[in-house]
There are 2 protein chains.
Amino acid sequence: MKEREIDESIRVYLAERGIRYTGGRRAVVRALQIAAGPQSAADLHQRLRRAIPLSSLYRSLAMLEEAGLLALHHGQGKVARYELAEWLSGHHHHLVCLECGAMGDFELEDKAEEQLLGLVATAGRRAGYQVRGHSLEVEGLCRSCR
Amino acid sequence: MKEREIDESIRVYLAERGIRYTGGRRAVVRALQIAAGPQSAADLHQRLRRAIPLSSLYRSLAMLEEAGLLALHHGQGKVARYELAEWLSGHHHHLVCLECGAMGDFELEDKAEEQLLGLVATAGRRAGYQVRGHSLEVEGLCRSCR
DNA sequence: TTCCTTGCAAACGATTTGCATTGGA
DNA sequence: TCCAATGCAAATCGTTTGCAAGGAA
């Protein structure tokens, strides 16, 4: 989906649930669309030129995640990072920089993703888990830190 | 490696670096050996019957991780979880319960692990990352939460 | 009006640190 | 002896919440 399309999908999605798509929330979504990977509240605060106070940012993020529009990740460090939910951005995996904690996205080719799904299903079955999702994380040093 | 063997490896490893393997540190390592997956500081505090104050626990964990004996993970929630480093426990992956946040371990068959390594190397190269490791996380509901 | 949303400041919970004390080589 | 390790309490830091003010329907 493209930016405009995503924005519209979200508007409809929230309207159906009687939730307002306010300027602040829209700004958060836009900032996440532009970013190349999961962003922390502090990251977004910067990107939005501190126009939105951290407490409001946290509230918007929590609300959007609760509604199923954002996904929450805890990569390196102790900060939470958010990104658009996969039904909006597409399924993908992450690269995590061990040095600066930045996270980036990457996609697997279909065949590879299929293989992975197989492995995941097997592992889940063996452990008695009801599998809901999976994620492959590649850890290393990013371009700027290596 | 078996418990006794691991304990001895650690003793030697720390001795070589002029770091003491004290009772408290040994207790932390033992608790981690017994556990089935990554443990939080609070988990360990419980398991050790509160015999070791949290601040000391955190210090031991930080020191052992710094030395390369433990690995740190941030699964669900906002708590850090530790486990023995892979050179002691063997390479493996994790299952994370979306409900209670518990983490469990699982291993991939050699062939599967090899495939995964291939995918990881490719993704890293494309993104300009110097790859240091990877981890496959399976998310779902654990036996007790499903 | 009537909720929902926002901002600010205070509160929280996990983790860290200062400092005086203890313990091991 | 002498420095590393420990315990306690206070400090931090990311995040959450109470409450009064602002806004949209």
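Each chain gets a letter, A, B and so on, in the order its sequence line appears, and its residues count up from 1.
Residues B:Leu57 and B:Leu48 approach most closely at CD2-CD1, 4.5 Å, considering heavy atoms. Scanning all heavy atoms of the two residues, the minimum distance from B:His94 to B:Phe106 falls at O-CE2, 3.5 Å.
The distance between atom CE of B:Met63 and atom C1' of D:dT6, rounded to the nearest whole Å, is 15 Å. Between the P atom of D:dG7 and the OH atom of B:Tyr58 lies a distance of 15 Å, rounded to the nearest Å. Distance CZ (B:Arg26) to C1' (D:dA5): 15 Å, rounded to an integer number of Å. Put simply, CD1 on A:Ile19 is 15 Å from P on D:dA25, counting in whole angstrom units. Between A:His74 atom NE2 and D:dG14 atom P the separation is 14 Å, expressed in whole Å. Between B:Glu66 atom CD and C:dT15 atom C1' the separation is 16 Å, expressed in whole Å. Here C:dG13 presents its P atom at 20 Å from CG of B:Leu57, a figure rounded to the nearest Å. At whole-Å resolution of the value, NE2 in A:His45 and C1' in D:dT16 are 16 Å apart.
Taking for each of B:Ser55 and B:Lys78 the nucleotide of DNA chain C with the nearest heavy atom, the 5'-most of the two is the partner of B:Lys78.
Taking the side chain of A:Arg20 as heavy atoms from C-beta on, and the options C:dG24, D:dG7, C:dC3, the nearest nucleotide is C:dC3. Set against C:dC8, C:dA14, D:dG7, the side chain of B:Pro53 has D:dG7 as its closest nucleotide.
Within the 4.5 Å cutoff, side-chain heavy atoms of B:Met63 are placed close to those of B:Leu14.
Side chain A:Arg59 to base D:dG18: a donor-acceptor pair is found below 3.5 Å.
The residue B:Ser56 sits close to a base: some heavy atom pair falls under 4.0 Å. Across all strands, B:Ala80 comes closer than 4.0 Å only to sugar-phosphate atoms, never to a base (heavy-atom distances).
Ring geometry, A:His134 versus A:His91: the interplanar angle exceeds 60°, so the pair is classed perpendicular (tilted spans 30 to 60°).
Checking side-chain atoms of B:Arg81 against main-chain N and O of B:Asp43 turns up no donor-acceptor pair under 3.5 Å.
Not one side-chain nitrogen or oxygen of A:Ser40 sits closer than 4.0 Å to the OP1 or OP2 atom of D:dG14.
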